[in-house]
Amino acid sequence: MALAFCGDEGNSTAYNVDHGVLNNGCFVDALNVVPHVFLLFITFPILFIGWGSQSSKVHIHHSTWLHFPGHNLRWILTFILLFVLVCEIAEGIVSDGVSESRHLHLYMPAGMAFLAAITSVVYYHNIETSNFPKLLIALLFYWTLAFITKTIKFVKFCDNGVGFSQLRFCLTGLLVILYGMLLAVEINVIRVRRYVFFKTPKEVKPPEDLQDLGVRFLQPFVNLLSKGTYWWMNTFIKTAHKKPIDLKTIGKLPIAMRALTNYIRLNEAFEAQKVCKASSSPQGSRSIWRALCCAFGRPLLLSSTFRILADLLGFAGPLCISGIVHNVGKGNNTIRPQFLSNAYVLAVLLFFALLLQRTFLQASYYVAIETGINLRGAIQTKIYNKIMQLSTSNMSMGEMTAGQICNLVAIDTNQLMWFFFLCPNLWAMPVQIIVGVLLLYYLLGISALIGAAVIIVLAPVQYFVATKLSQAQRSTLEYSNERLKKTNEMLRGIKLLKLYAWEHIFHSSVEETRQKEMTSLKSFALYTSISIFMNAAIPIAAVLITFVVHAHLTRKADFSPSVAFASISLFHILVSPLFLLSSVVRSTVKALVSVQKLSEFLSSEEIGEEHDKSSELRSGDNHSKYQAVVSNCLICRKKKSALKLVFCFLFLSTLAQITNGFFTWTPEGPPALSNIDIRIPQGQLTMIVGQVGCGKSSLLLAILGEMQKISGNIFWSRCTRKRKRGSVAYASQKPWLLNATVEENITFESPFNKQRYKAVIDACSLQPDIDILPHGDQTQIGERGINLSGGQRQRISVARALYQQTNVVFLDDPFSALDIHLSDHLMQEGILKMLREDKRTIVLVTHKLQYLPHADWIIAMKDGNIQREGTLKDIQKSETELFEHWKTLMNRQDQELEKTIIESKTVLERTNLRRTMYSREALLKDDEEDEEEVTESDDEDNLSSVLHQRAKMPWSACGKYLSAAGILLLPLLVLSQLLKHTIMVAIDYCLALWTSDKTDQNNKDFNHSRYSKVFSILCCLGIVLCLVTSIAVEWTGLKVTKKLHSSLLNKIILAPMRFFETTPLGSILNRFSADCNTIDQHIPATLECLSRSTLLCVSALAVISYVTPMFLIALVPLAIMCYFIQKYFRVASRDLQQLDDSTQLPLLSHFSETVEGLTTIRAFRYEAKFRQKLLEYTDSNNIASLFLTAANRWLEVRMEYIGACVVLIAAVTSITSCLYNELSSGLVGLGLTYALMVSNYLNWMVRNLADMEIQLGAVKRINGLLKTEAENYEGLLSSSQIPQNWPDRGEIQIQNLSVRYDSNLKPVLKHVNAHISPGQKIGICGRTGSGKSSFSLAFFRMVDTFEGRIIIDGIDIAKLPLQTLRSRLSIILQDPILFSGTIRFNLDPEKKCTDSMLWEALEIAQLKHVVKALPGGLDAIVTEGGENFSQGQRQLFCLARAFVRKTSIFIMDEATASIDMATENILQKVVMTAFADRTVVTIAHRVHTILNADLVIVMKRGVILEYDKPEVLLEQEDSVFASFVQADK
């Protein structure tokens, strides 16, 4: 066969130029080659030799600066041009195939044009990114020449009468238009940029983002090809494989995507709504929806357009399959000259349609998710700004809890984000369904409508199941929250539970809630399995009904393989939007609810900034100050008596004043503070005193403007500020810490001053604590860091107030958790020396009346009223009774404190800190086992092994998960899945044989019944197996989750106390919350999805290989590509997923800590600083989410392109086999249908593999905790050997006792010997760290007794079962712990006592009147942590709880630390009288409380220093006890 440009035919008409050279078609084609050759010759040297040496005038960090006008249009036109040129090449080859000679001119010019088009876009991209526009002149010439030569060819076609009926004419016309448009784009670049033909070119600057090296998210800046294929992510994914991804790696967000930018956009939309709808509520649901659409609607329209285009292109698959199978059927085994009747052409068109469809689909997903992420950031910022203005009463009275706000941020903003992601489906789905049904009707006629009706009728059932699933999930969530609440309380109070031997009560309580949760989970699993079953079974049922009806009722109808397999593909397309419908509807409903919640939140009450009512003293001369005072006085005169006029002139030396103030927490409720008339003197120390619950803290908050004012006025005197008041350094009663380092907590956004910082640390005695911390003052504390004791937290909170340079300091009961030495040191060095000497105004709420002589001004409170205010001398003169009462309580003179060396931390606290340090390291290993950081060594083997670990799947965790399912379920699970997919293949194979036989016989009497029976049986089997597999997966999940949670709870509740001291509470709680939730709900679904997608891909590849074995050759390189893509993706995806989760924690934590510390933040006036931190956290979370989205799109595009290659190779090999090897057309249809399936499921397989890898981490972590060793609860004595009423006398013998907290720590008690007689009252005292608390814990075997023994009533406690020992003793701890429930439950969870016994205990604890006043009395509700009671009241409840037990040995471990002195004195008397017959061991916080004890033990560094009667010790001059008493006066 001859090969020549114009063909080598006998008659040389191809070379005839008699009618003019331009009338010769071959010459015109040759002329068309010239522009392409010109471009290739001009551009190749520039591209490859190195024009790059010409340096750009503008230096940018990224080679992605796209600044030429018409950039995107050029890329789109080039893509269309390439497609048209491929069609021209194909048309030329097909046309050429009918002749004997080869005519190169039919397709060679198009081939050259194709090369030139690719070169043009590569050349353009390089010139644009290097900013060297003058070289674009080559493209100007090229487009001009190409346009001219193609126009000549088109004109000649018109002259020769070639019209629209010819494809070649249409293609040429299209090319003329495309070249013309590209020429216009090029001319526009010259016009705008003026780089040639103009004297002064236009200077342009790159965007700010591209000048910033920190911006690494380049999706908005790259060219169209890179945008569509996420090519720019290649470098990132490769880097991720070499080293773990962190926040530094992913850099900053581009400006347009930052939370602030999006918040401004959203706020503008809200403002526009306010202007439009001035009459209606600007924060109503409708207004919010309008604002959201106005701010974020445009990208959603773009996403919807992409989605509709992708869905329409999706129908190319079934149509091309139909065409290919039809054309290779019997009698069609020759290559046809018609272009669209050619099977190979259809295969190539199918390939391009798939590429384009997948690109549009991923673009739609990306745009929708990006919009959702931007919207989430904007809404979170808006919520935060609202939080900053929230009324405190909303929070304190439970109208708006921290949990609700965190739910709004964590759940509702995500619901809106997912709604926006699914939003394009609302428009795309109807289009997809309508087109699908029409095509089915075109192929199958009326029987198609019956099949479609099956799917459509079952859609409401699917929606019903989805609704039930959602309800079950909600119910599960409620029980899960309840279980977590109980688990959290159990873990927080674990020390108390162990000391009281109540583990079993709380274990049963958690298990009971877990059983309810499991019932709900069973419903969830049932509906999930029904949903999975319906997803798989509905297409089978639809296909079965359609084909049986089609074969039997419409006998004349076409039932060829082309119709059958195209119909199957269409049914698969049609099913997906109907299944998605339930998700979209559910998501829409959730979004409507979320917007309603958001609307309620945004319209909730804000704090009142009463600028108009406040009187402000402005700067100026004395005259203006005087005028301001007089004007105030005139107002006062109108309202008050003439006496107030005199008081007004005192205002110059007054910082703040409240006149006739009535304050409440709720607008409807009674006033919490009444008749408040007080003044706070400027530059002086004011003390607020009163009994527990009299409103001292409320008064501080009222002054700060946090309470709702019913009437009266608050006046602040500020000289240079326009605001109502300046910054106030406020330390709340409940210490509030940031999730930050110790240093950051103390400096609190203020500039660091080393000298001042050191002074504050010393004043608060924090240096010993800091020395113990693993990273000193750079150690993270707070919820995400090391858990500190109450005293440590309080001192850091006070240190923050001391460090600030504000003129005003409010301290709310800063001494409550500190011992006497620490209190004195803080008072002397901190409050008096640092603050008062600087003439700063201090307001101090305290119970420590011994500090009253230091006060310049005293405010005494009682029952929400001001009892008296004035100086101590004033009160002594006017309120002698009150003064005398105080005097008896003070027990000390105002004197200079002797400087004593203060050991400011207990050994327990120190060891706790050390252990927490170890535990932090253990936690890091636990959570990131597969992501071990490489130590600073250059060992390449070590590096490669770590990288290998990161790339490995956690198969061991997978094995543990599946093995937990049991020996019966596992084989059922595996066999049912394999059998199901075998049946699926058998169904399609049967259909291939059926349709092929019908086509082969091609007679009217073809008997369908044999095939239809087999087909029906197989389909029914398939449907049954779908049900079995879905139930098996969910059943497995239920069994595993039940077993793992039960084992975990049993292990944790019985773990030794040391475990809880060395493992952060958050870490243990995460196992019960996030990890259990993953195992409960996510792993079963992922496992099902993974097994389904994997087996579908395997069966599809097996079918294609069976149909055309040649496919196996091409499969090898594709499989290698798939392997490397998934390997790289999995590592990057896991890191990004963890980063997404880890950046969400600080964000949610910032919200919760802001809500908790709202009063402190507002007192400091730090709202702006905290808003800035929020923006940083939001941006960090959003950049991680965006990178994760881009990584998912990167994978899906590549996997779907590989899927498209599989389809192309399968099609080409099938067509070739059919033409030359007599392959039946039914098998060709089967192979192509399965090839299309591969392209759908390939990326799902990898995505699910990556998800499974992350989720199995939960199994791995829980298994890590299951290795914890339990406490030895068994004893040497059996229950029959222990007397029923032991210990009945309360005699204690301590013999050579030495204890330690751990085998690798030093002893905290050394060789202690003591004998306590029955009924004796023993006081133990000593400096902080002397071993007092360890002494009390030794009685309960909470510490490691490695030497000596304790004998109680003749029995060595080491021989007793732990449960028995702990249940027979009573202890009150320093930290008061109450559980949520009733007062009755808190006093007597074992339900052993009568009501009269409980009331008696409450009376002893001075609480009877408080409880009687509560609704429900003993059944009154106690909120979580006892937050509805004051600190002092909580401690009194703990005392009552211990009294209820009526044991003969009673231990009080610094139990009165949070109680005012008056109450404490009453209690001490009660203890001495009510427990006259019991042995009482009191560890003293205030030494004077043990002066009436029978014996006193003085301890120092773990040994007994003094041991005698108090009066004997007091008589000894050198007695340490005597010096303690002297210091405590």
Side-chain angles (χ1 to χ4, degrees), residues 60-65 129 209-223 225-254 257 362 366 369-370 373 928-953 1120-1143 1179-1199 1201-1202 1243 1246-1247 1249-1251 1253-1254 1257:
I60 54 173
H61 293 300
H62 302 288
S63 59
T64 50
W65 184 26
T129 52
D209 288 318
L210 291 180
Q211 293 179 54
D212 186 351
L213 191 60
V215 175
R216 300 203 180 99
F217 188 78
L218 302 178
Q219 182 71 5
F221 311 112
V222 292
N223 63 55
L225 181 66
S226 190
K227 260 192 178 80
T229 59
Y230 306 89
W231 192 262
W232 64 273
M233 281 286 289
N234 288 355
T235 315
F236 179 81
I237 300 271
K238 276 190 280 185
T239 309
H241 201 261
K242 289 174 187 168
K243 60 177 182 180
I245 300 169
D246 53 18
L247 274 174
K248 197 177 174 185
T249 314
I250 59 177
K252 293 188 282 190
L253 264 177
M257 293 177 172
Q362 295 309 323
Y366 172 77
I369 294 175
E370 187 199 277
I373 289 168
E928 320 252 341
E929 234 166 44
D930 41 345
E931 203 176 303
E932 292 153 356
E933 292 283 344
V934 187
T935 50
E936 289 183 19
S937 75
D938 298 331
D939 188 353
E940 287 181 11
D941 293 337
N942 186 25
L943 176 62
S944 62
S945 68
V946 169
L947 292 174
H948 178 65
Q949 279 294 109
R950 289 178 72 237
K952 255 176 67 177
M953 272 291 288
I1120 292 167
M1121 282 169 68
C1122 268
Y1123 170 75
F1124 281 106
I1125 287 170
Q1126 68 83 30
K1127 184 184 175 184
Y1128 277 82
F1129 168 76
R1130 268 188 22 244
V1131 174
S1133 171
R1134 187 182 63 232
D1135 284 2
L1136 286 169
Q1137 187 72 61
Q1138 285 172 351
L1139 201 58
D1140 187 35
D1141 294 342
S1142 65
T1143 50
D1179 286 345
S1180 296
N1181 185 225
N1182 286 356
I1183 185 79
S1185 300
L1186 281 165
F1187 261 106
L1188 183 61
T1189 301
N1192 287 336
R1193 304 286 77 80
W1194 178 90
L1195 168 83
E1196 291 188 8
V1197 162
R1198 274 146 193 75
M1199 284 298 174
Y1201 285 179
I1202 287 173
N1243 69 69
V1246 180
R1247 281 281 296 278
L1249 197 65
D1251 287 348
E1253 186 179 8
I1254 293 163

So, using side chain to side chain donor-acceptor pair (under 3.5 Å) as the criterion, who are the partners of N234 when residues are at least two apart? W1194, R1198
Nearest 0.5 angstrom please: N1192 CG to R1247 CZ, how far? 4.0 Å
Quick one: are Y230 and V1197 in side-chain contact, heavy atoms under 4.5 Å? yes
To the nearest 0.5 Å, how far apart are OG1 in T249 and CG in D1135? 9.0 Å
By ring-ring contact (aromatic ring centres under 6.0 Å, His included) - contacts of F221 (at least two apart): none
By salt bridge (Lys or Arg N to Asp or Glu O under 4.0 Å) - contacts of K227 (at least two apart): none
Indicate the atoms forming the closest heavy-atom contact of F1129 with A1191, along with that distance. CE1-O, 3.4 Å
If you round to the nearest 0.5 Å, how far is CG of L1186 from CE of M257? 5.5 Å
Quick one: do T1189 and I373 satisfy side-chain contact (heavy atoms from CB on, under 4.5 Å)? Show the steps, please. CA-CA 10 Å; T1189 301; I373 289 168; 4.0 Å; yes
Rounded to the nearest 0.5 Å, how far apart are CG of L218 and CG of N223? 11.5 Å
Using the side chain to side chain donor-acceptor pair (under 3.5 Å) criterion, which residues pair with T229? Sequence neighbours excluded. none
Could you grab the distance from atom CD1 of I250 to atom CG of L1139, nearest 0.5 Å is fine? 4.5 Å
Rounded at 0.5 Å granularity, tell me how far CE in M233 sits from CD in Q219. 9.0 Å
With sequence neighbours excluded, residues passing side chain to side chain donor-acceptor pair (under 3.5 Å) with Q1137: none
Looking only at non-hydrogen atoms, find the nearest pair between S1133 and L1188 and report the distance. O-CD1, 4.0 Å
For residues I1183 and D1179, determine if any side-chain heavy atom of one lies less than 4.5 Å from a side-chain heavy atom of the other. no
Answer yes or no: is there a donor N or O on one side and an acceptor on the other, between the side chain of S1180 and the main chain of T1143, under 3.5 Å? no
By ring-ring contact (aromatic ring centres under 6.0 Å, His included), which residues pair with F236, not counting sequence neighbours? F1187
Between L253 and N1182, is any pair of side-chain heavy atoms under 4.5 Å apart? yes
Given side chains that start at C-beta, do those of K238 and H241 come closer than 4.5 Å, heavy atoms only? no
What are the two closest heavy atoms between A240 and V1131, and how far apart are they? O-CG1, 3.7 Å
